[in-house]
Amino acid sequence: MTAPIIQIQDLGLAFDGFTALDGVSLDVMAGQCIVVCGPSGSGKSTLLRCVNGLERFQRGDVVVDGTSVRDCRDLPRLRRGIGMVFQHFELYPHMTVLENVTLAPIKAKGLSKAEAERVALHYLDQVGIADQAGKHPGRLSGGQQQRAAIARALALEPKVMLFDEPTSALDPEMISEVLRVMLDLARSGMTMLVVTHEMGFAREVADRIVFMDRGSIVETAGTAQFFSASQTERAREFLHKVLAKI
Amino acid sequence: MDWHVIQANLPLLLRGLGTSLQLAAVAVLLSFPLGCLLAIGRLSRRAWLSLTCGGFVNLMRSNPLVLVLFWFYFLVPIITGRAVSDLGSIVIAFVIFFSVYFAEIVRSGIQSVGSRQVQAGLSTGLTYPQTMRHIVMPQAIRAMLPALTTQCIVVFQGTTVAYIVGYDELLHTASMAAERTGRPVELYVAVAVMYFLVCTAGSLLARNLERKS
Ligand SMILES: Nc1ncnc2c1ncn2[C@@H]1O[C@H](COP(=O)(O)OP(=O)(O)OP(=O)(O)O)[C@@H](O)[C@H]1O
Ligand SMILES: [Mg+2]
């Protein structure tokens, strides 16, 4: 058996005294899509930020494709292999969509401008907004902006993609166009760690669902099992609330 | 009132104005980058760097420009035993003095961009300096354009302080002419008009730039 591409090992993190992560362990195999859910403040975003070294943890380690994040001497290089998509898109407002997508391939990866633009247009096409490449992000709809942000992450051709509530800042009618892109990505074999409360998405493509509460994983289950018979009271309660909203 | 005296001294005054503008330009071009570095240092996660830059900014802000100029003009040569040229000490004093004001403007500009944009840049594998240069600073500069313009005008007005060490900027030129001709009122009115025109032109230019960005 091959080693998991992401190994989260007994991860612990405190923000001056407040424990945000308390012994989180999780393995993600290449090609898997893992959905992380849980109430606000349970540490989901913090967990994702530990995976690409944006947050420093005090205990345990994350190993991504054989590289220990704790001991990593070259974080920019590690991060190039890990795409990240944010709740509020975080496109650069002063650049066009194309410039947003080509910036890191040029500056971090050393591609020529022409080569970077070729790659960028390929991924903008994949997410269905190649025709918006010359516009500034502010002129795009929310759904288009988030798809541009996904293209920006994909343009580095990462091995792993992290999504932090990618649809929760979107108007309802734009959620599905973003989920569509994510579904295709998961089906094409991308390894994905997705924080979301879109249980329809989870049901469709997640290999496993992880439920977090107060900095710990309190339940992890296969998708079918999670929906049919959540083990813990907290997860059942949460699932009830989330499903009731849809 | 004898307005001919202005006409007669106009080439002289214009030369003084040119000197003032040059001095202001040099001061801005050197103190702005230094201010950027101070601001970035002050926002650094490294405590020693942040404290050093913060301390320097606060120390300088509590001193009047005249005093800083005195330091470099009179005291540094005494301490080091080496003469500094007039222009050299004026420029050094101006750059050090004004860089802290630019630092404060830049700092609030950087803070207005916010850490989420920084995280986005870092997440794509850009280094921290690359993230600052390509993502944060362009947005920050846009946000601080009005404050930067005002500061440039303040620097230009500040060049009058070079008067006290007898440097031939506009005010000094005018005062010499006033003494020589015995017509201070006319000459100082002319100088006031010149300052007014330059500062107004500066504000208009800034408003234009703001609208474009
Ligand atoms: N930089 C920080 N400094 C101090 N506390 C923080 C910081 N970042 C997060 N926290 C705290 O850590 C806890 C976990 O935060 P996190 O953002 O990971 O939660 P989350 O599960 O993503 O919640 P949400 O659903 O609201 O996004 C929260 O209580 C939060 O207040
Ligand atoms: Mg979160």
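Throughout, a chain's letter reflects where its sequence line sits, starting with A, and its residues are numbered from 1.
When the shell of 6.0 Å around CD of B:Q111 is examined, it contains more than 12 heavy atoms from other residues, nucleotides or ligands. Other residues, nucleotides and ligands contribute more than 12 heavy atoms inside 6.0 Å of the OH atom of B:Y195. Heavy-atom neighbours of B:M176 CE from other residues, nucleotides or ligands within 6.0 Å: at or below the threshold of 12. Heavy-atom neighbours of A:F15 CZ from other residues, nucleotides or ligands within 6.0 Å: above the threshold of 12.
For A:L162, no part lies near chain B; criterion is any non-hydrogen pair under 4.5 Å. Of the two parts of A:I82, only the backbone, made up of N, CA, C and O, holds a non-hydrogen atom closer than 4.5 Å to a non-hydrogen atom of chain B.
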Let me see the donor-acceptor pairs closer than 3.5 Å between chain B and chain A, or none if nothing turns up.
| from | atom 1 | to | atom 2 | distance (Å) |
| --- | --- | --- | --- | --- |
| B:R116 | NE | A:E90 | OE2 | 2.7 |
| B:R116 | NH2 | A:E90 | OE2 | 3.4 |
| B:Q117 | NE2 | A:E90 | OE1 | 3.4 |
| B:Q117 | NE2 | A:L91 | O | 2.9 |
| B:Q130 | NE2 | A:K107 | O | 3.0 |
| B:H134 | O | A:H94 | NE2 | 2.9 |

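Here the shortest heavy-atom pairing between A:A108 and B:G125 reads CB-O, 3.4 Å.
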